[in-house]
Amino acid sequence: MTDWSDPDAIDCSDGATFDDLLDRADTREKGHYFEFFAEGDELTHDPGLRLSQHGSEQWMGQTLNHDPAYWRSDTARERGFEDVPVHPDYLLACVMGITVEDLSEKGGYFLGRTDVEFHRSARPGTELAVTSRVVDTRTSSSRPAYGIVTWATEGRDRETGETLVSYQRTNMIPRREPAATDGGGEATGRPDDPDGGPDLPETLLAPEGGRFEDFRDALDDAEAESAAVAYRHERGRTMDDQLVAGLPLATLNTARQHHNRDEMADSPSGDIVAYGDVTRSIALAHARSDEATYRERRFADERFHSFVTLGDTIYGFTRVLDCDGDAGPEAAGAVTFEHVAFNQDNTPVYSGRRTALVQRYQ
């Protein structure tokens with residue numbers, strides 16, 4: 001009788017033996033199927049993550065976010081920070097990255113995120129505590145192999161308990177067993193418009209500069225001319241291995257979509273895809289490079305429209321929606337933007353509304 005505890009009883013490296021072992025071995029699964037989630041469930045995500053200056057600077061450098069307030073102590077203090085904080089895009093990506101193993105590692109489309117609010121800045125060295133609550137679960141008529149889950153997530157300072165950032169996000173999540181459906185399908189995209197789409201302004205105006213007054217004046221001019229304030233940004237950034245795989249893994253985002261090329265070969269994208277927050281951060285960096293950002297406030301209606309894969313180039317387009325001179329400190333006013341990221345084929349891949357404080361002329 002063979003002693004299977006003997007290390008030499010089986011040569012696992014033998015090809016035929018290994019094939020037989022692999023076919024018979026159970027897989028220890030990661031992540032959760034749709035059926036795991038129930039409305040009202042609370043989840044605590046571990047491990048936490050310690051925000052670092054290196055991680056923030058790596059994120060900023062790779063995504064072209066070059067605001068000096070997040071690099072230099074003198075500029076940080078001028079903006080009202082006690083010291084150099086981590087960049088808010090890095091903070092948001094870390095908080096969401098921590099949740100992936102518990103919420104969305106099984107895969108499924110990232111449908112969108114809203115109510116993103118930055119409650120306070122975070123310093124390098126801050127240890128994160130992240131929790132999520134299941135807000136809603138529903139079936140998908142068009143994709144019976146998936147369900148749709150919405151979570152409300154908070155990222156807090158583990159030491160003080162203060163909330164740093166909060167948001168809601170929605171994902172499609174694979175079901176363990178496909179749901180029975182009526183085959184009706186779900187509406188996708190915009191309904192047919194018999195007039196061929198919305199009326200577009202004949203004129204698009206760009207602000208003359210990047211200060212609050214420039215955006216306010218451009219909106220005033222646009223109103224007088226029945227025009228809109230909208231413009232594109234010159235910079236582009238091509239997705240490489242560091243962006244697609246390196247940055248997500250640095251935030252503990254373990255979703256196979258970003259680093260397992262073998263697993264993704266037969267997927268609709270055909271290859272590993274970029275973490276949505278990387279795509280988003282690049283598009284916002286393009287926009288921020290043309291404005292004097294003072295502080296990020298909030299985001300809403302963030303949606304991801306198409307796959308971004310290795311080799312795609314991300315560009316940015318911005319529309320200015322509103323200016324509020326009474327919001328914020330004396331040195332800045334609030335501007336609300338709509339940002340669209342698009343690829344080399346002019347296909348939108350991300351869109352969202354953002355409110356930021358923009359510096360005034362002194």
Side-chain angles (χ1 to χ4, degrees), residues 59-60 62-67 88-89 92-93 96 109-114 116 169-171 188-191 193 196-207 210 215 218 222 227-245 247-248 257-258 264 267-291 293 296 299-321 335-356:
W59 184 280
M60 291 187 293
Q62 290 295 322
T63 60
L64 301 177
N65 278 284
H66 298 159
D67 188 331
D89 289 2
L92 180 61
M96 186 159 151
Y109 302 104
F110 181 9
L111 298 180
R113 183 172 54 201
T114 195
V116 181
R169 75 154 162 143
T170 301
N171 270 68
T188 58
R190 297 180 178 176
D193 187 335
D199 291 333
L200 297 177
E202 292 186 6
T203 303
L204 298 181
L205 303 179
F215 293 109
V229 182
Y231 47 96
R232 61 188 297 170
H233 307 282
E234 183 177 13
R235 281 179 175 164
R237 176 73 165 96
T238 299
M239 290 294 186
D240 55 23
D241 287 325
Q242 174 67 12
L243 288 171
V244 174
L247 290 188
Q257 299 99 295
H258 311 313
M264 296 299 291
S267 71
S269 65
D271 202 346
I272 57 176
V273 298
Y275 181 16
D277 272 335
V278 173
T279 301
R280 165 192 184 274
S281 190
I282 291 171
L284 296 178
H286 297 334
R288 290 167 179 146
S289 71
D290 290 324
E291 69 184 57
T293 317
E296 295 294 335
F299 293 81
D301 301 328
E302 293 192 307
R303 294 181 295 155
F304 297 87
H305 304 278
S306 187
F307 298 116
V308 176
T309 60
L310 283 167
D312 283 345
T313 301
I314 302 303
Y315 298 95
F317 174 91
T318 292
R319 180 165 66 116
V320 182
L321 303 177
V335 183
T336 299
F337 304 93
E338 181 179 12
H339 299 296
V340 179
F342 61 97
N343 64 17
Q344 65 280 358
D345 299 319
N346 293 342
T347 300
V349 296
Y350 160 85
S351 64
R353 295 192 175 184
R354 161 180 171 250
T355 300

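Keep in mind it's a predicted model, so treat the numbers as computed, not measured. Heads up: numbering here begins at 1 and tracks the sequence.
For the pair Gln344/Thr238, no side-chain contact is recorded, criterion being any heavy-atom separation below 4.5 Å from C-beta on. No side-chain heavy atom of His258 sits less than 4.5 Å from a side-chain heavy atom of Val278. Two residues are said to be in side-chain contact when any heavy atoms from C-beta on lie closer than 4.5 Å; Asn343 and Val308 fail this criterion. Side-chain contact check for Thr309 versus Val273: some heavy-atom pair is nearer than 4.5 Å. In this structure, Leu243 and Ile282 have side chains that are in contact, with non-hydrogen atoms separated by less than 4.5 Å. Taking 4.5 Å as the limit, every side-chain heavy atom of His286 sits out of range of all side-chain heavy atoms of Thr318. Residues His339 and Arg288 form no side-chain contact, since every pair of their non-hydrogen atoms from C-beta on lies 4.5 Å or further apart. Side-chain contact between Thr347 and Phe342: absent, with no pair of heavy atoms (C-beta onward) separated by less than 4.5 Å.
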- [ ] Test Arg113 against Asp277 for salt bridge (Lys or Arg N to Asp or Glu O under 4.0 Å), laying out the working first.
- [x] CA-CA 11 Å; Arg113 183 172 54 201; Asp277 272 335; 2.5 Å; yes
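Aromatic ring pairs are classed by plane angle as parallel below 30°, tilted from 30° to 60° and perpendicular above 60°; the pair Tyr231 and His233 is perpendicular. Ring planes of Trp59 and Tyr275: perpendicular class, angle over 60° (limits at 30 and 60°).
In this structure, Ser306 and Pro348 approach most closely via the heavy-atom pair CB-O, 3.9 Å. Heavy atoms only, all atoms of each residue included: Phe215 and Pro207 are closest at CE2-CG, 3.6 Å. When all heavy atoms of Met264 and Ser269 are compared, the pair lying nearest together is CE-OG, 3.5 Å. What you find for Thr279 and Tyr350 is that their closest heavy atoms are CG2-CB, 4.4 Å. Across all their heavy atoms, Thr114 and Ala300 have their closest contact at OG1-CA, 3.6 Å.
In this structure, CZ on Arg235 lies 13.5 Å from OH on Tyr315, to the nearest 0.5 angstrom. Note that CD1 of Ile314 and CZ of Arg237 are 10.5 Å apart. Values are rounded to the nearest 0.5 Å. For the atom pair Ile272 CD1 and Asp241 CG, the distance stands at 6.5 Å (nearest 0.5 Å). Taking OG of Ser289 as the start and NE2 of His66 as the end, the distance is 9.5 Å to the nearest 0.5 Å. Rounding to the nearest 0.5 Å gives a distance of 12.0 Å between CG of Leu64 and CG of Leu284.
Side-chain polar atoms of Asn65 and Thr63 form a donor-acceptor pair below 3.5 angstrom.
Within the cation-pi definition used here (under 6.0 Å to the ring centroid, within 45° of the axis), Arg280 qualifies as a partner of Phe299.
The pair Arg354-Glu296 counts as a salt bridge, with a side-chain nitrogen and a carboxylate oxygen less than 4.0 angstrom apart.
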